[in-house]
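Chain letters run A, B, ... following the sequence lines, proteins first, then strands; residues in each count from 1.
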There are 2 protein chains.
Amino acid sequence: MAEEAHGLGRHTRQRQQVTALLEETDEFRSAQRLHEMLRARGVPVGLTTVYRTLQILAETGEVDVIRLPSGEHLYRRCSAGRHHHLVCRHCARTVEIPGPGVDQWAGRIALQHGYVDIAQTLELFGTCADCAAQSGT
Amino acid sequence: MAEEAHGLGRHTRQRQQVTALLEETDEFRSAQRLHEMLRARGVPVGLTTVYRTLQILAETGEVDVIRLPSGEHLYRRCSAGRHHHLVCRHCARTVEIPGPGVDQWAGRIALQHGYVDIAQTLELFGTCADCAAQSGT
DNA sequence: CAACTTTCGGAAACGGTTGTCATTATAGTC
DNA sequence: GACTATAATGACAACCGTTTCCGAAAGTTG
């Protein structure tokens with residue numbers, strides 16, 4: 001029997017590389033960027049595979065996903081616990097915001113209106129101190 | 001001198017039709033759907049124009065916009081005051097949630113981390129009572 | 001090692017949205 | 001009412017991140 005500690009099925013070289021790359025930093029990065037980075041370091045992996053791997057990891061909750069206003073998805077290794085993100089819209093620097101309170105609030109609201117199976121999308125976008133300083137002066 | 005009560009520039013037949021259609025109901029509808037509806041009732045308007053008009057209306061805060069997980073945008077005439085939406089993921093029935101509290105919370109968090117110029121995206125998606133009853137039984 | 005199954009990955013398709021640009025409509029001015 | 005500068009229109013093509021297709025390659029099992 002195979003070890004299924006992760007949501008992925010088979011233990012392939014490509015998937016290992018993707019997850020390894022995600023482990024390296026906390027930055028949110030797009031699928032395309034991750035693909036680029038792997039190619040740059042000589043790992044021959046297809047863009048399709050990167051997308052698929054990230055999709056699986058996202059479904060099983062092993063990575064966090066946020067969606068930029070532009071529509072592209074950014075991925076990052078997941079830290080434990082329910083939380084939201086405060087993301088710099090220029091450099092993507094991210095701060096994690098523990099947000100159990102928002103969940104409760106959402107659940108309460110939903111119940112009041114008879115809605116079930118609630119999902120919420122809460123992300124905060126802003127300009128971080130560094131980026132503000134650069135463009136400001 | 002022209003009347004500039006709205007954010008739109010010239011007062012064209014097409015833009016009047018789009019805004020008029022938005023006034024009719026509170027439903028969230030996509031640009032494509034609005035376009036379809038206008039054509040169906042014999043108003044010859046281009047899809048591009050509908051997109052552009054909605055974009056302007058959204059920028060000037062005259063319509064609310066939400067983004068579905070699929071990436072498509074839904075528009076609806078705006079009601080006054082800061083608020084969020086509880087949207088049924090099946091029928092798009094929407095309840096407005098007054099949410100000044102979330103704004104304050106977001107502002108406080110952002111300040112703590114030195115972020116400025118904050119924008120937040122908070123939408124609640126769920127299944128409304130009717131839709132839940134239909135699929136459940 | 002052989003047989004079987006999953007995964008890979010290049011290329012093409014997708015779908016909502018935006019850009020292009022010649023044509024048309026609008027709103028001040030004469 | 002015409003005239004004219006200028007903004008808006010709209011058919012079509014381009015965009016762009018993402019997904020699908022499907023034959024080839026690699027992983028897994030017995």
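In this structure, A:L74 places its CG atom 11 Å from P of D:dG17, rounding to the nearest Å. Rounded to an integer number of Å, the gap from CZ of B:R67 to C1' of D:dG17 is 12 Å. Between the P atom of C:dT18 and the CD1 atom of B:I56 lies a distance of 12 Å, rounded to the nearest Å. Atom CZ in A:R15 sits roughly 11 Å away from atom P in C:dG9 (whole-Å rounding). For A:L47 and C:dC8, the CG to P distance is 13 Å, given to the nearest whole Å.
Of the possible polar contacts, one joining the A:R89 side chain to the B:D117 backbone as a donor-acceptor pair under 3.5 Å is found. A donor-acceptor contact shorter than 3.5 Å links the side chain of A:H35 to the backbone of A:V45.
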For nucleotides 21-26 of chain D, read 5' to 3', which letter fits each nucleotide if B means a protein heavy atom sits under 4.0 Å from the base, S means only the sugar-phosphate is that close, and - means neither?
-> -----B
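Neither OP1 nor OP2 of D:dG27 sits under 4.0 Å from any side-chain N or O of A:T12.
The side-chain hydrogen bond (donor to acceptor under 3.5 Å, both in side chains) check on A:H113 picks up nothing, with sequence neighbours excluded. Not counting sequence neighbours, A:Q104 has no partner by the side-chain hydrogen bond (donor to acceptor under 3.5 Å, both in side chains) test. For A:Q16, the side-chain hydrogen bond (donor to acceptor under 3.5 Å, both in side chains) partners at least two apart in sequence or on another chain are A:H11.
Just one of A:R41, A:R29, A:R76 meets the salt bridge (Lys or Arg N to Asp or Glu O under 4.0 Å) condition when paired with A:E24; it is A:R41.
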Distance-only donor-acceptor pairs under 3.5 Å for side chains of residues 52-59 of chain B, two or more places apart:
residue	atom	partner	partner atom	Å
B:T53	OG1	B:T49	O	2.7

Give every pair of a protein N or O atom and an N or O atom of nucleotides 12-16 of chain C that lie under 3.5 Å apart, one pair per line with the distance.
residue	atom	partner	partner atom	Å
C:dG16	OP2	B:Q32	NE2	3.3

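At a threshold of 4.0 Å, the pair A:R77-A:D64 does not count as salt-bridged, since none of the basic side-chain nitrogens sits closer than that to a carboxylate oxygen.
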